[in-house]
Amino acid sequence: MKLHTLLDLGGYARPALGEDPEICGISADSRTTEPGDLFVCIPGHTADGCQFAAEAAQKGAAALAGEIPEELLEIGKELPFVQVPEARKALAALSAAFYGFPSEKLTLWGVTGTNGKTTVSYMIRSICEHGGKACGLLGTISYQVGNLKHKASRTTPEAHTLQKIFAGLFDQGIRHCVMEASSHGLELGRTDFTAFKVGIFTNLTQDHLDFHKTFENYYQAKKKLFRRSMRLCLVNRDDPAGLRLSRELSEDGYPVRTYGLVGQGEEPPDFAGEILFFNDEGTGVLLYRKGFAPEPLYIPIPGIYNVYNGLAAAAACLSEGFSMRQIRRGLQEMGPVPGRFERIDGPLGQRIIVDYAHTPDALARTLDTARSFTKGRLICVFGCGGERDAEKRPVMGQEAGKRADICILTDDNPRREPSLTILRQIEEGIRKTNCAFEKIPDRRAAIARALELWKSGDTILVAGRGHETEQIIGTEEISFDDRQVVRELLYND
């Protein structure tokens, strides 16, 4: 595609003078720039993309776009340059234009919220597959495009990567996709010029305040998903932020439907679930919706929060024409979600749960679920990430201390922050409870200690990292998978 054609399609003015080179791709990272790319200089937290324009040029970039005036851009060789007011918005617009606005050709579900995004996404994908529809999946764990599966570098990819994935789905004949929309991705414009058909809001609890600074900013970032053109905004009415969101969106004329549990609010939600039974393997639910007889559902992951996830997935798929039979089968036969209440049983009857819970609310709900079927003691191994939202550390300590019998505080991903500093901040909260605790920074040793403390009837929860397979210590990433370590300690040591 010619540069001038791309600018026309993306809504940007052509440079007054200059060449009109052929553009072969869009790039925002000089390390991966290829010959013929349009390199967009994105301002970052620690560096500006303009600093890497020369490297992109050396890699063969055909043109550049950025916010600074051309005369201030030193690239070492002359290339066509497009000055734009907002580089991130330009990256999204030009990427969508380059790939032919592919999201408009898909049934695209976007899932946002603090907790539950991954589980809801996996549920929707399973329902699609059991309904005979191939479905792409983009989120925290991986990006899955047809038979190709890539490890996720971030929950929501950068705009040029995202649009390329959408185009790849369409080229493979895949017309459905579900993706997690993180608050970072929404705030930084990665999902701009993406046409969602259905937006799903799960809940909002404390997280990422190191980035958003205030809870209100965090809420407004999540709300950005629903300002895209879409057929349906599907919102958890039982969550306080969800109730607010549903009212605000309705007032602004957006198509809103709600989901929740029977008897939890002043008015019944559009999709209401009534819990029939629950155990350590899942929950039976009766789904009510206006104009239809109640329908039974089985959610094959324990916990009330997973009932909400199942209701969200069912409502989202019903809105796009899937039958209750397909939804029931998709939920019942879905495989485990990696690192989401993933159970590992030991040779002596040990029961260990590995879960990604890394916020106060998620940790509390996961512990409550584990407590509901634990006859003995509840032992919790967890930590908090370094260089991330320090305010939540004592809160997580207090929430864990209220619910567990023993807590073992350990490293999560400490990054460049001293482990003991993080653990002391968690300790501030746990000391407000009567919970016994130990501090063991080495995560493998902490898990081993929990197994050593285990007695018949106890449950061990290893929380915080879930599906992650690398631990970040300093600037180094070392191989560490909680699930693998648990199995090694159970069966090899």
Side-chain angles (χ1 to χ4, degrees), residues 339 341-358 360 362-364 366-371 373-386 393-415 417-474 478-493:
F341 215 86
E342 191 167 344
R343 177 171 165 172
I344 301 171
D345 295 326
L348 302 178
Q350 299 101 322
R351 178 163 51 192
I352 300 92
I353 306 297
V354 176
D355 194 89
Y356 189 54
H358 61 284
L363 185 59
T366 306
L367 284 166
D368 285 342
T369 299
R371 172 66 72 189
F373 55 73
T374 298
K375 296 179 180 179
R377 300 171 302 170
L378 185 53
I379 303 169
C380 183
V381 180
F382 77 103
C384 292
R393 295 171 187 171
V395 184
M396 287 187 67
Q398 189 168 3
E399 295 293 347
K402 289 177 182 176
R403 293 164 171 81
D405 297 291
I406 303 170
C407 285
I408 301 176
L409 312 185
T410 189
D411 281 352
D412 189 287
N413 291 311
R415 300 180 177 86
E417 193 171 353
S419 295
L420 292 178
T421 298
I422 300 170
L423 299 188
R424 278 196 295 268
Q425 291 174 337
I426 301 172
E427 182 182 349
E428 291 175 15
I430 206 168
R431 283 193 178 278
K432 296 177 181 179
T433 72
N434 294 320
C435 184
F437 72 94
E438 300 179 25
K439 292 187 291 185
I440 305 176
D442 182 277
R443 194 169 180 91
R444 184 183 184 95
I447 295 172
R449 175 59 175 158
L451 292 171
E452 179 185 326
L453 290 171
W454 178 87
K455 297 178 181 177
S456 180
D458 292 349
T459 297
I460 298 172
L461 172 65
V462 181
R465 302 187 68 253
H467 64 280
E468 293 179 355
T469 56
E470 282 85 32
Q471 187 179 27
I472 308 172
I473 300 177
I478 64 171
S479 178
F480 197 102
D481 184 327
D482 284 353
R483 299 160 298 177
Q484 179 181 338
V485 169
V486 167
R487 293 186 178 100
E488 288 173 357
L489 291 170
L490 284 171
Y491 292 99
N492 297 337
D493 286 10

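As a basis for the values below, the full set of heavy atoms in this structure was taken, side chains included, without hydrogen atoms, waters or symmetry mates.
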Roughly how far, to the nearest 0.5 Å, is [atom2] of [Y] from [atom1] of [X]?
X    : Y    : atom1 : atom2 : result
H358 : C384 : NE2   : SG    : 10.0 Å
R449 : L489 : CZ    : CG    : 13.5 Å
L461 : C407 : CG    : SG    : 9.5 Å

Of all heavy-atom pairs between [X] and [Y], which one has the smallest distance, and what is that distance?
X    : Y    : result
F382 : G397 : CZ-CA, 4.1 Å
V485 : I447 : CG1-CD1, 4.1 Å
T459 : A370 : CG2-CB, 4.4 Å
T433 : Q398 : CG2-O, 3.6 Å
E399 : A364 : OE1-CB, 3.8 Å
R393 : G385 : NH2-O, 3.1 Å

Check whether any side-chain heavy atom of [X] lies under 4.5 Å from a side-chain heavy atom of [Y], and answer yes or no.
X    : Y    : value
R371 : D405 : yes
T469 : R483 : yes
D482 : R443 : yes
I426 : K439 : no
I406 : D458 : no

Is the backbone of [Y] close enough, under 3.5 Å, to the side chain of [X] for a donor and an acceptor to pair up by distance?
X    : Y    : value
R377 : L453 : yes
R403 : D368 : no
D355 : A463 : no
Q471 : D412 : yes
N413 : I472 : yes
E342 : G339 : yes
R415 : G386 : yes
D411 : P414 : no
T410 : P441 : yes

Filter on ring-ring contact (aromatic ring centres under 6.0 Å, His included), then keep only pairs touching residues 450-471, sequence neighbours left out; what's left? Y356-H467
For R343, side-chain hydrogen bond (donor to acceptor under 3.5 Å, both in side chains) partners two or more places apart: D280, D345
Evaluation steps, side chain to side chain contact (heavy atoms under 4.5 Å, CB included), between L490 and I352: CA-CA 10 Å; L490 284 171; I352 300 92; 3.8 Å; yes
Exactly one candidate in I460, I408, L363 meets side chain to side chain contact (heavy atoms under 4.5 Å, CB included) with C380; the answer is L363
Between E427 and R424, is there a side-chain N and carboxylate O pair less than 4.0 Å apart? no
In chain order, what residues pass the salt bridge (charged side-chain N to carboxylate O under 4.0 Å, His left out) check against E468, with sequence neighbours excluded? R465
